[in-house]
Asks: 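Input: one structure, supplied below.
By convention in this document, chain letters (A, B, ...) are assigned in the order of the sequence lines, proteins followed by strands, and residues within each chain are numbered from 1.
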Amino acid sequence: MNCEEARTQFVDYWRGTLEDPVGEFRGHLDSCERCQAEANELRDLWGTLGALPEEDPSLDLRVRFYDSLRAWRQRESERRKGWWWIRHPAFQAASAAAILVIGVATGYFMRGRDTSEVSQLRGEVYNMRQLVALSLLQQQNASDRLRGVNYAYRVEQSDPQVLSALLTTLDHDSNVNVRLAAVDAVRNFTDSPVGRRGLVQALAKQDSPLVQIAILDQIVELHEKSAVSAIQFLLSGQDVNPDVRQRAQWALKQLQ
Amino acid sequence: MQAVRDGDLGGLAILFERHHRPLFNYFVHVNGNRDLSEDLVQDVFFRMLKYRKSYQPDRSFTAWMYQIARNAHVDSIGKRKFEVALGEKEFASGNKMDENLKRKQEITLLKRAMSLLPLEKRELLVLTRYQNLKYEEIASILGCEVGAVKVRVYRAVRALGEIYFELAGEKAS
């Protein structure tokens with residue numbers, strides 16, 4: 001046993017609760033003068049500490065305690081009296097039935113409100129989507145504009161404002177990826193003559209072969225015969241990309 | 001306490017009669033203020049009622065009670081920000097001992113040394129020496145191992161000794 005271990009036993013030693021079956025502690029104390037001196041010095045202090053007089057609380061403490069306990073019990077019993085019925089099985093069954101009736105009635109009445117409030121809400125959500133799509137399409141950042149194009153899928157196909165914004169993007173956006181996405185998005189609007197015409201007109205304005213091929217594919221898919229002259233105009237150009245030329249010729253064949 | 005927990009509020013009176021005096025002494029030795037200590041004793045018993053459902057019968061009642069007492073004391077420090085003044089006057093009223101002058105001086109000096117000890121050490125000495133709590137109970141109150149309690153009690157006694165002998169030296173010189 002070292003000094004540190006021995007010192008943690010001091011209090012047990014003074015209290016008489018020391019468990020020292022093999023006499024390790026006593027052996028250490030006999031052999032270590034420092035621990036012995038410290039144990040004796042602090043033992044006197046420990047003894048004096050125990051001699052500090054006990055204090056008696058005033059009678060007032062007892063009076064206050066019993067007053068408060070009485071008040072507490074009174075409150076408790078009033079609380080129990082007031083709420084006994086809440087634990088009664090009849091009350092619990094009645095509340096369950098009442099909750100069921102309220103639930104069914106609420107559902108029934110809410111059904112009638114669907115046409116007015118819900119449709120108004122739908123309208124608001126739609127306007128919000130339209131606003132988001134339009135504002136994203138005008139952003140400086142290409143990835144924002146791309147998000148705007150993707151947002152355009154969420155608006156109704158008949159929305160002229162969004163269609164117009166998409167066609168402007170298709171004609172003038174500086175980023176090829178945005179224009180390609182716009183070609184795909186316009187497909188949603190091809191029920192509208194404006195959408196089909198816009199797509200055909202965009203063909204002449206493109207300088208990217210990728211976008212040109214995408215538009216040609218779309219025209220063929222729609223079987224848009226009015227595009228023949230536009231395709232012929234494209235083929236008449238001097239510096240047409242060979243792939244585009246090949247695709248345009250194939251498109252012409254498909255449309256005839 | 002189990003009876004109180006199960007709704008017998010009258011059982012609290014028995015607990016009060018059995019424990020209010022040691023509890024009062026615990027507070028007086030820790031904060032040195034009789035009035036505040038009486039308030040805290042009252043507070044502890046009503047916290048017992050309020051939190052009676054948290055009492056676990058397999059745990060020492062004394063340890064549970066002193067844990068509540070410690071919390072009540074910590075809350076009171078937060079509210080009042082009082083300075084511990086464990087002076088001679090505070091204890092003089094209860095001192096009915098018939099001792100010789102030297103013993104009285106020793107006791108006075110020791111009270112002074114106790115008042116200069118940091119709160120956690122003072123609290124530990126009060127629980128071990130006056131309340132005679134077992135190490136296991138103190139470990140349960142403080143939420144630590146028994147071995148750690150032994151080390152902390154030794155350090156508290158030693159810290160008290162250092163202050164006491166320094167004060168004794170000042171007085172002698």
Side-chain angles (χ1 to χ4, degrees), chain A residues 1-20 25 28-29 34-35 37-80 87, chain B residues 7 9-10 12-13 16-17 20-25 27-29 34-35 37-39 41-43 45-46 49-50 90-97 99 103 106-107 109-111 113-114 125-126 128-130 132 134-135 147-158 160-162 164-165:
Chain A
M1 180 177 279
N2 61 29
C3 293
E4 204 171 319
E5 286 165 345
R7 283 167 185 167
T8 60
Q9 310 283 319
F10 280 179
V11 174
D12 279 324
Y13 176 48
W14 303 325
R15 276 176 148 186
T17 53
L18 181 70
E19 286 176 15
D20 191 26
F25 174 79
H28 179 84
L29 219 55
R34 225 173 121 194
C35 282
E38 192 175 316
N40 291 335
E41 189 179 62
L42 292 178
R43 184 184 52 204
D44 291 342
L45 191 73
W46 183 259
T48 316
L49 204 57
L52 288 184
E54 279 214 2
E55 294 274 306
D56 281 317
S58 70
L59 281 176
D60 185 46
L61 174 62
R62 182 176 265 109
V63 173
R64 275 167 57 207
F65 170 78
Y66 282 103
D67 280 350
S68 306
L69 184 62
R70 207 166 18 249
W72 183 291
R73 289 170 88 166
Q74 207 168 345
R75 269 203 310 275
E76 199 83 342
S77 68
E78 275 167 15
R79 201 168 56 88
R80 281 198 191 139
R87 289 166 183 269
Chain B
L9 300 188
L12 194 75
F16 176 82
E17 291 304 333
H20 81 275
R21 199 161 177 266
L23 201 56
F24 173 73
N25 273 276
F27 284 126
V28 169
H29 286 305
R34 286 181 57 89
D35 290 342
S37 298
E38 288 192 357
D39 288 347
V41 170
Q42 175 98 344
D43 186 16
F45 281 101
F46 285 93
L49 268 191
K50 202 170 168 187
E90 297 288 347
F91 274 97
S93 60
N95 192 345
K96 295 173 188 165
M97 288 187 302
E99 289 173 337
R103 190 67 170 160
E106 277 175 3
I107 288 176
L109 211 58
L110 193 59
K111 285 175 197 164
M114 276 286 272
L125 289 180
V126 172
T128 336
R129 189 67 182 114
Y130 301 119
N132 265 322
K134 292 176 192 156
Y135 283 134
V149 175
K150 286 189 177 188
V151 173
R152 281 156 79 167
V153 171
Y154 163 71
R155 285 184 186 155
V157 178
R158 198 184 160 140
L160 179 70
E162 280 168 13
Y164 177 82
F165 294 121

Asks: Would you call the rings of F25(A) and F10(A) parallel, tilted or perpendicular, where under 30° means parallel and over 60° means perpendicular?
Replies: perpendicular

Asks: Report which part of L160(B) has an atom under 4.5 Å of a heavy atom belonging to chain A: side chain, backbone, both, or neither.
Replies: both

Asks: Do R64(A) and D39(B) meet the salt-bridge criterion of a basic N to acidic O distance under 4.0 Å?
Replies: yes

Asks: Any side-chain heavy-atom pair from N25(B) and Y130(B) closer than 4.5 angstrom?
Replies: no

Asks: Under a 4.5 Å cutoff for heavy-atom pairs, which residue among D60(A), V11(A), L49(A) has the most contacts with chain B?
Replies: L49(A)

Asks: Go through the atoms of E41(A) and report whether side chain, backbone, both or neither lie under 4.5 Å from a heavy atom of chain B.
Replies: both

Asks: Suppose the criterion is salt bridge (Lys or Arg N to Asp or Glu O under 4.0 Å): which pairs have a residue in residues 9-19 of chain A, not counting sequence neighbours?
Replies: D12(A)-K150(B)

Asks: Using a strict threshold of under 4.0 Å (side-chain N to carboxylate O), is an ion pair present between R158(B) and E162(B)?
Replies: yes

Asks: Given that the side chain runs from C-beta out, which part of T17(A) has a heavy atom under 4.5 Å from chain B: side chain, backbone, both or neither?
Replies: neither

Asks: Taking D35(B), V153(B), V151(B), T128(B) one by one, which has the highest count of heavy-atom pairs under 4.5 Å against chain A?
Replies: T128(B)

